[in-house]
There are 2 protein chains.
Amino acid sequence: MDEIDVQILKLLERTGRLSHEEIGKLVHISRPAVHQRVAKLEKNGVIKGYRAIIDWRMLEQKIQVFIFVKVKCQSFQQITAKILNITLENGAILECQRLAGEWCMVLKVRVSSPDDITRFLDELVTFSEVYETSTTFILSTLHENGFSEL
Amino acid sequence: MDEIDVQILKLLERTGRLSHEEIGKLVHISRPAVHQRVAKLEKNGVIKGYRAIIDWRMLEQKIQVFIFVKVKCQSFQQITAKILNITLENGAILECQRLAGEWCMVLKVRVSSPDDITRFLDELVTFSEVYETSTTFILSTLHENGFSEL
DNA sequence: GCTGAAAGCGAAGCGTG
DNA sequence: CACGCTTCGCTTTCAGC
């Protein structure tokens with residue numbers, strides 16, 4: 001794991017479909033060497049995968065919210081699994097982070113209407129482990145996934 | 001923009017490097033048709049780009065925090081631009097969301113040591129528009145970018 | 001369908017620790 | 001010797017028209 005590996009990671013993070021040949025030119029090593037390094041980085045999990053970045057706001061799903069949650073439970077894993085299994089008709093749970101501080105965790109959720117959030121919260125509070133939630137609407141995304149809206 | 005487009009988006013969101021041929025098989029249309037639809041989705045910005053998902057925690061940068069910020073200013077854009085221009089030596093600003101509610105915005109930041117956060121906050125509060133911040137550490141990421149750690 | 005580009009694979013040679 | 005990089009060629013697959 002040297003400086004060249006880090007350069008490759010930064011390039012692929014920005015342009016996930018960059019060809020090995022292009023990468024080779026940019027970091028000044030040969031194409032097979034790039035292949036070898038990328039394969040290694042994928043194998044050991046530094047590169048977790050490749051994604052297309054979709055702007056769901058251009059479709060029906062224009063609302064994003066943070067839902068802060070307090071839980072009291074034996075197994076954090078178990079309640080998290082239950083929460084992540086909640087199905088959103090027109091939306092998705094984008095993120096679930098365990099937090100230090102006042103709140104135990106935060107969810108980032110994308111939906112198409114406030115009603116979807118209501119339904120989600122109703123389902124969330126059926127879990128006895130969940131004893132408090134707080135929902136904060138995202139007004140606009142100024143920077144995300146390496147894209148700035150400025 | 002029909003159901004097939006949505007299927008294609010979901011496939012590419014999960015597997016950013018899926019070939020047109022594979023997509024065609026999965027959604028039951030021909031390869032040129034896939035080409036046409038993907039090109040259209042890229043052109044009109046529904047597909048914003050392609051990214052490799054990098055696990056920076058496997059390198060030096062193991063800490064992620066949310067920094068909530070209150071600002072009072074004429075131009076939100078301007079102060080946001082200034083904040084996003086803050087350089088982090090061993091880290092990055094991953095996200096900047098404008099919020100409804102008590103806090104004006106939240107930043108998600110990745111760094112390698114608490115000192116980096118200190119430096120970042122020190123720089124943040126030099127801006128006269130910023131009048132309050134609150135930093136919350138992320139203990140663990142349970143779900144992000146379509147990856148679950150359960 | 002055709003063409004060109006790229007990935008994936010292996011072989012052989014080179015320099016360094 | 002082991003390791004990583006390089007150059008080369010080959011085949012398969014894919015993108016773009």
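This structure is a prediction, so every number in the text was calculated from the model and none was measured. Here is the naming used below: chain letters follow the sequence lines, and residue numbers restart at 1 for every chain.
- Here the range on DNA chain D touched by chain B, meaning any atom under 4.0 Å from one of its heavy atoms, is D:dC14 to D:dG16.
- With rounding to the nearest 0.5 Å, the separation of CZ in B:Phe127 from CD in B:Gln78 is 11.0 Å.
- Atom CD1 of B:Ile67 is separated from atom CD1 of B:Ile93 by 8.0 Å, given to the nearest 0.5 angstrom.
- Annotation: the span from B:Glu95 atom CD to A:Thr141 atom OG1 amounts to 7.0 Å, rounded to 0.5 Å.
- Residues B:Glu144 and A:Gln97 bring a donor and an acceptor atom of their side chains to less than 3.5 Å of each other.
- Taking the six-membered ring where tryptophan is involved, the planes of A:Phe66 and B:Phe66 are perpendicular, since the angle between them exceeds 60° and thus also 30°.
- A continuous path of Ile, Leu, Val, Met, Phe, Trp and Tyr side chains, each step under 4.5 Å between heavy atoms, connects A:Val46 with A:Ile23, placing both in one hydrophobic cluster.
- No side-chain donor-acceptor contact under 3.5 Å links B:Thr80 and B:Arg98.
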**Report entry** Reading 5' to 3' through nucleotides 2-17 of chain C, protein heavy-atom contacts under 4.0 Å coded B for base, S for sugar-phosphate only, - for none
**Finding:** B---SBB---------

